[in-house]
Each structure stands twice: as C-alpha cells, then as structure tokens.
2 protein chains.
Amino acid sequence: MADAQPSTRLRLTMAAAQLFQEKGYHGTSVADVLAMTSLPKGSLYHHFPDGKADLARAAAKLASDVMLDIVTAAYEPAEDFTQGTTRLAEKFARLFERHAHWRACPVQTLLLEGPMEAEMAPLLQGWIDATATQATRLGHPEPDTAATRVWVTLIGCWTLADAQKDPAPLRAMPGLLL
Amino acid sequence: MADAQPSTRLRLTMAAAQLFQEKGYHGTSVADVLAMTSLPKGSLYHHFPDGKADLARAAAKLASDVMLDIVTAAYEPAEDFTQGTTRLAEKFARLFERHAHWRACPVQTLLLEGPMEAEMAPLLQGWIDATATQATRLGHPEPDTAATRVWVTLIGCWTLADAQKDPAPLRAMPGLLL
DNA sequence: CTGCCATTAGACCATATGGTCTAGACCAAA
DNA sequence: TTTGGTCTAGACCATATGGTCTAATGGCAG
C-alpha cells in the first residue's frame, strides 16, 4: 500500500519518455507504451487527443525538465565550474550504467527522427542556458561559450559511450575541456 | 548514353543509406527505398535476402566508407593536424548546407535505434583510427587522444547544428579544440 | 439517491509494412 | 536454338500499427 501511483497522464508520459529515449519515435509503438503502463487505449487518447505525437511532446518536455534538474543538482554544490562539469558527467555515467534507456541522451532520438525535430532545439538550448547561468554564478569569464562547449562535448562523448557500450567516454569528458 | 547507371545493388544501397541517414531505421520503409530507386521488390529481396536489416548493414558500410574518404581528403593535403581538422569540419558544413540527409551524422540514427546498434561501434572506431593515422603522419604528439577529441566534438557539434538547423556549430568546432 | 462528468475499457477499423512466391525477361554458354 | 542460371516484376499475404467509437465505471455535487 502507500503506492500513491502517479496520475494516469504522468504514468503514460514517463513510460513514453523512457521508450522514446531507448527506441526512438518510430521504434516505439503506442502499444508498447500501453503495455508498459498496463493502461487501455482509451486513457491514452483521452489524455493525449492527438495521439502519439502529442505523447512525444509531453515526453520530451518531461525528459528535458529532468535534465534541467540534473544540471542544477550537479553545479549547485560545486565550488567552481570545472568541478560542476565533472559532477555532471559523473551523474550521466551513473545513469548510463544503471538504466538501459540512459545509454543515449534523452532527446537525441527525437531530434533525429520523428515529427517534432523542430521542437527539440529549444529544449537543448534550455540546458545550455541553465548551464551558462551556473557558469556565471561560479564566476566563469565566458559562461555562454563554456556552456556550449560542455554540451557539445557531452553529447559527443555520450554517443561514443553508447557505441562502445561503456560509460568511460562520459567520465573522460571533463578532461577533454581543459 | 553514357548514363552508366550503377548496379541495382548499389542503387539500392545508396538510396537506403540516404534514407536511413535522414529518417532512421524504423522511419524508413522498404517501400521508400523502392520508390526512390524505382525498382521492384523482387530485386531488393534478391540482392538482400534478409531484407531491411541486410540493406541497413550494406548502407551503413557504404556510409562509413564515404566518411573514410572524406577524412582522407581533408587531412591528406593539410600541413598540420589542426588545419586538417578545420578542412574536415568545413566539408561537413558544406554537405550540411547542400543535402538534407547530411544534416545528421550518417550513422547516428542507426546507432540509436534499429537492430544493428552493435555493429556501428567498429565503423565509428574506424573513423577515429583513420584520423589518428593522419595525426601521426602530421606529427601530432598524441594521435589517439587527438583523434578521439576531434570526433567527439564533431559529433556533438553536428547534433547541435541539426537542432539549430544551422551549420555554424560545425564551423566553430575546430575552435573548440584549441 | 440521482444525475453528471471525467475517465477507463477494449472491440473494432483502415492502412502501412515487411516479407513470400510465382512468372517471366535477359543473357551467356553449349 | 536450346538450356540454365541470374535478375526483374509485382501480385499477394499476415501482421503490426495508429487511431476511432461506444459502452461501462466511478466519484462527486445537488
């Protein structure tokens, strides 16, 4: 007891986020989402009248918010920007090790295929902006450039880690920025 | 007259490479490939008995070979490694501008979704190795590290460029390595 | 209790998709 | 010319998929 299950809408969104992250937009069927949540079709089309695309939007938003939380959690306790970046990379490396769907950046598949490629840019930019804010707070002289460098390198390392099925490139990432 | 169309097998492979690069494995149907080549189904399943997966393998190999050619063409005439890297980034930026399917790294979608994720790692590694060879030839002190850094940063910049629909991050990429 | 509304439930449908199969065209060797 | 193999052609099939529709269900305001 005390299950306190999240709302139906949130359950669908979370399952969808996980599946899209892992298998991409076209690789995930609405039946997959339904199976993972044990919910009937009616619920899905009630909460997301536009169906799969609608669900993908919500999932991307959710995933992006999680990313923002991770950025904050990484940099907030850090003493300087470099240390925060190292904490960030370590967090992603841990997630990579523990959960199959974290083997790829949450939004990468949705960015590459599927009907909402265009909507992904602001999300990615949001992560960069949040990182730049932290860089400013930590006294970095060029916050925007630094934040962009972090994310560009992070995404590249993530891709390499995915290919190698090994989080090592993620952990090596802060070293590449020096 | 002097059309000299490539073989049926090659036509299929090229079309598949382009479509997979653009829309991913699940986002591309065999009907799409057939439509692009104006070939009947029988030809496809004659040359690729295992169907779509078989075709994807050939397409990935072809795309990878093209990448290796581009690496060679970029570094061969260069005077030093940095100059070669700049030439490489510029080549991809040009392709990005001219062809829709070059908006993403050829192998990225196949790496993230589809049945042959595992087979992508050696291809990516091949590009890194080829780059390392060039780095050695050009007298770089740490060829392996340098080559890895180039590709990690390149892929990250490519992703950002895709999101922003602007090749600027690709052109800015060599500057990030200094 | 009653009526209303949001939600759940899942049968049902049209289409898209990957794949098979048989018939025939083409071509080179005998 | 015949024969045998390769390749083209596309009709055909089973299944998967996204989406619709109507019928319950449950809680809550009156």
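First the proteins, then the strands, lettered A, B, ... as listed; each starts at 1. In this text the structure is predicted, and so the values were computed from the model without any measurement.
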_B:Leu34 CG to D:dA11 P, straight-line distance once rounded to whole Å_ = 13 Å

*To the nearest angstrom, how far is A:Tyr25 atom OH from D:dT17 atom C1'?*
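Spelled out: OH on A:Tyr25 to C1' on D:dT17 is 12 Å.
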
_NZ/A:Lys61: more than 12 non-hydrogen atoms of other groups inside 6.0 Å_ =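 Not buried by this count: 12 neighbours or fewer within 6.0 Å.
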
*For DNA chain D, the residues among residues 11-24 of chain B that have a non-hydrogen atom under 4.0 Å from it*: none

_With the threshold set at under 4.0 Å for non-hydrogen atoms, list the residues of residues 37-60 of chain A touching DNA chain D in residue-number order._
A:Lys41, A:Tyr45, A:Gly51, A:Lys52

_Separation between CG of A:Leu112 and CD of B:Gln108, rounded to the nearest 0.5 Å_ = 5.5 Å

Sequence neighbours excluded, which residues qualify as ring pair (Phe, Tyr, Trp, His ring centres under 6.0 Å) partners of [X]?
{"X": "B:Phe92", "result": "B:Trp158"}
{"X": "A:His46", "result": "none"}
{"X": "A:His140", "result": "A:Phe81"}

_Regarding A:Glu97 and A:Arg171, does a basic nitrogen lie under 4.0 Å from an acidic carboxylate oxygen?_
yes

*Going by an N to O cut-off under 4.0 Å, is there a salt bridge joining A:Glu76 and A:Arg137?*
yes

Would you be so kind as to tabulate the donor-acceptor pairs closer than 3.5 Å made by side chains of residues 121-132 of chain A, with sequence neighbours excluded?
{"residue": "A:Gln125", "atom": "NE2", "partner": "A:Asp129", "partner atom": "OD1", "Å": "3.2"}
{"residue": "A:Trp127", "atom": "NE1", "partner": "A:Ser64", "partner atom": "OG", "Å": "3.0"}
{"residue": "A:Trp127", "atom": "NE1", "partner": "A:Leu123", "partner atom": "O", "Å": "3.3"}
{"residue": "A:Thr131", "atom": "OG1", "partner": "A:Trp127", "partner atom": "O", "Å": "2.7"}
{"residue": "A:Thr131", "atom": "OG1", "partner": "A:Trp151", "partner atom": "NE1", "Å": "2.8"}

*So, is A:Thr8 close to the C:dT8 phosphate, meaning a side-chain N or O under 4.0 Å from OP1 or OP2?*
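Checking C:dT8 against A:Thr8, a side-chain N or O does come within under 4.0 Å of OP1 or OP2.
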
